[in-house]
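Note that ligands are numbered from 1 as they come in the structure, with each ligand's atoms numbered from 1 the same way. Values in this document were obtained by computation on a predicted structure and should not be read as measured data. Atom set for the values below is all heavy atoms of this structure, side chains included, hydrogens, waters and symmetry mates excluded.
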Amino acid sequence: MSTNDGLLCCAVNVEWFNKQGVVQRKVAHKKGNLRLIRDDQRNIFVEISSEKSSPLKLPLKGISVHKKFMNEGKASIKFQPLDCTLYLSNAPPGQLLSFLRTMFVKMTGEKNAPNANTSLRTQLLSGKTKQFEEISPVTNTEMDKARAKASKGSDTTPSPSAVKKRKIERDDSVKPPAAKKLYSSSPIPNEPLDLEQQEVLDACLSGRNVFFTGSAGTGKSYLLKRIIGGLPPDVTTATASTGVAACHIGGITLHQFAGIGNGEATLERSIELASKPPTVSIWRKCKHLIIDEISMVDGEFFEKIEQVARRVRRNEKPFGGIQLILCGDFFQLPPVTRPKIGEKKAPLPRFCFKTKAWENCRLTTFELKKVHRQNDERFISILNRIRTGRVDQEVTDALAATAKQKIEQGDILATMLCSHTKDADITNETKLKALPGEPQVFEAQDAVPGTSKQLDQQTPVPSKLELKIGAQVMLLKNINVVSGLVNGARGVVKAFRDGLPVVQFRNKKEYLARHERWVIKTANGGSLARKQVPLKLAWAFSIHKSQGLTLDCVEMSLNRVFEAGQAYVALSRAQSLETLRVLDFKPTQVWANPDVLQFYRNMEQTRIVPLGPVNRQNVVKKDGKKRGTLAKSKLFEKPLVTIS
Ligand SMILES: Nc1ncnc2c1ncn2[C@@H]1O[C@H](COP(=O)(O)OP(=O)(O)OP(=O)(O)O)[C@@H](O)[C@H]1O
Ligand SMILES: [Mg+2]
């Protein structure tokens, strides 16, 4: 935990009520600073200050915290003895979580502090001038103590009076220390970032335009969630090129955000479309635009939205002055192109990095090197060679040797990755049909009628799921990370209990799949929800749908791959050579796009360097030019095999 966890900057409102519940006094700061401090009696206060007013200190005693919308940057703290409530909004969700956690941890510790029971009145009457100091960072011991207390609080069966009280409160209000949500299952990952990831996060939070890349499994999407958690939600838009990738980071597709249809209209028409409400206000409000899986964004579309942004925002800076945070690996899947009206063949994809708009954005570029998905250095090295199309004898031998290996455990089969979506669908249908009995059908419950198509595209869960005993399935949500019930874990349906499927996973854990909820954002700031059992058939997937996934046991035939990077995406889903089976491997199935190779070569040579304070990892070369983290990569040491 960093020393800044007791600080928070966000919109602040404080309201004092009279006995009738009518607001008596109000304080509002659009940009308020909150600080956790303690006095010489060891009482904890939250101090609220802004540029314009003198600081206000509220003692953290007799409080209840409402944190249901913490992930949207909102929370409130009710100070019962003072009849006042502090409302926080537009807070970077990650910082808000850390702030509240620090507050709870420190308050948990204070229960036993020597002066904790001295009444406020006694202290006020003591006549001494108070000394305040900033709260110290949370120690591991304090954290463990608070965590233990929080989990104890929620595991025990509540007494009838507690249940009654809970009913009265009815919302998500909590009193410390029952703050389990703050220590577990947050959608914002809280494992420590590695140094490279931290450097990217710092650059993003300092307001630069950033592009960060890295091979599969270097934690790009993981880091992106942290970046999103560090930015004020009201002015941040998280997008991705595909619906599934957008859902993964809790965002919307870039097309939805842009509001210019499929992007094929002329520039003038696109500007017209984007100038209509509510799109226009969305464009004007946005200060930070995040795009994941940037490799699949079509260059023409990227260029168009850059121009639209300038015109709609009436600001001639690149992207109308919006901070851009782009993430992806151009060695993975390229943009999907469709034939234009009247033409048979789809045009060749044009990558964003080839556009003038990309150049104008003056992106600070980073390449993450540490792979988190795989541990085996040999496999990582093989994958890195495949990424750049370098298939030497060692790579061929290693992959060919997997063809006959048994990777299945028990009844759980490997998932077959197919180059064509149709093949994957047919495989799943045929295998399900071949199982005895009638299928059990699970229909998704969509909150808003008529949104099923959009939810199909943007969530990983199907609207209609047919299952039988013996069906191979994949889990689509993190249910319990410690027990291995994570997104991407695969299992087999063993039974149906109370009308719900019981799934056994590779680690032998059994799980009764109850309905879960997926929420996607809509372009105008609303949301759509779907409830469904968190499973999908997993005998086979298309390689395109597997982008971004980690698979524990995977099989593939790469005979019919048709895109540069397709074989790399498929192979890099595996966690190890031991859990991978490649049928009929041939070196010709692997190639890198020459434009991409050139782009990464240039990137090596002309790294764009941060402008602000020198980062830890920056080094100054002999020629006086600074470089980012990645001094010299080994990517291009050997001759490259490219087949275009
Ligand atoms: N700092 C970290 N600490 C622990 N685990 C991490 C860290 N960074 C990433 N991971 C884990 O590594 C795995 C791969 O991460 P992620 O999916 O974000 O990679 P990626 O670069 O987006 O890959 P792809 O290019 O295939 O989409 C995930 O299981 C993630 O939880
Ligand atoms: Mg990813």
Side-chain angles (χ1 to χ4, degrees), residues 2 94 185-202 210-230 238-251 290-297 325-334 366-376 379-380 383-384 386-388 417 460 474-482 484-490 541 543-552 554 565-576 579-580 592 596 600 629-630:
S2 83
S185 70
S186 156
I188 306 159
N190 57 6
E191 294 290 323
L193 296 179
D194 64 39
L195 278 178
E196 302 171 325
Q197 292 174 326
Q198 186 62 47
E199 192 180 357
V200 177
L201 178 66
D202 292 346
V210 169
F211 162 57
F212 66 96
T213 183
S215 56
T218 44
K220 297 183 294 298
S221 303
Y222 183 89
L223 170 59
L224 210 50
K225 285 190 204 161
R226 282 286 276 270
I227 294 168
I228 297 165
T239 73
S241 51
T242 69
V244 174
C247 185
H248 192 52
I249 57 164
I290 290 162
I291 311 177
D292 195 7
E293 301 291 5
I294 186 73
S295 72
M296 292 184 79
V297 175
I325 298 171
L326 311 179
C327 159
D329 178 16
F330 285 103
F331 282 115
Q332 296 187 39
L333 294 171
F366 296 89
E367 187 172 7
L368 303 176
K369 292 283 181 183
K370 183 170 166 41
V371 175
H372 289 271
R373 183 173 290 135
Q374 295 90 7
N375 292 322
D376 174 5
F379 188 38
I380 291 174
L383 287 176
N384 277 336
I386 286 175
R387 180 169 179 248
T388 51
L417 291 183
M474 184 176 91
L475 189 57
L476 298 171
K477 267 230 157 146
N478 283 343
I479 301 293
N480 185 335
V481 178
V482 180
L485 301 184
V486 291
N487 195 353
R490 290 157 343 88
F541 300 152
I543 296 174
H544 276 74
K545 279 269 157 74
S546 78
Q547 178 143 325
L549 289 181
T550 302
L551 293 171
D552 53 25
V554 60
Q566 216 180 351
Y568 173 60
V569 169
L571 291 163
S572 58
R573 300 308 101 198
Q575 285 177 308
S576 66
T579 53
L580 168 69
V596 174
Y600 276 77
T629 310
L630 317 161

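Ranking protein heavy atoms by distance to atom 18 (O) of ligand 1, first place goes to Y222 N, 2.9 Å.
Ion pairing of R387 with D329 is present here, as a side-chain N (NZ or NE/NH1/NH2) and a carboxylate O approach within less than 4.0 Å.
Inclusion of Q547 in the first shell of the Mg ion (ligand 2) is not supported: no N, O or S atom falls under 2.8 Å.
The proximity of S572 to ligand 1, defined as any non-hydrogen pair under 4.0 Å, does not occur for either the backbone or the side chain. In R573, the part holding a heavy atom less than 4.0 Å from any atom of ligand 1 is the side chain.
When atom types are taken as modelled, the side chain of T218 and the backbone of K369 share no donor-acceptor pair closer than 3.5 angstrom.
When each of R573, R490, R373 is tested with D552 by the rule salt bridge (charged side-chain N to carboxylate O under 4.0 Å, His left out), just one qualifies, namely R490.
In summary, the side chains of Q198 and D202 do present a donor paired with an acceptor at a separation below 3.5 Å, with no hydrogens or angles considered.
If you number the atoms of ligand 1 from 1 as listed, the ones under 4.0 Å from a heavy atom of Q332 come out as 25 (O). Close approach of ligand 1 to P192 (heavy-atom distance below 4.0 Å) involves ligand atoms 1 (N), 2 (C), 3 (N).
When ring centroids are compared, Y600 and F331 come within the 6.0 Å threshold.
Checking atom 28 (C) of ligand 1 against the protein gives no heavy-atom contact under 4.0 Å.
Ranked by closest heavy atom to atom 16 (P) of ligand 1, the top entry among G548, S295, S546, G219 is G219.
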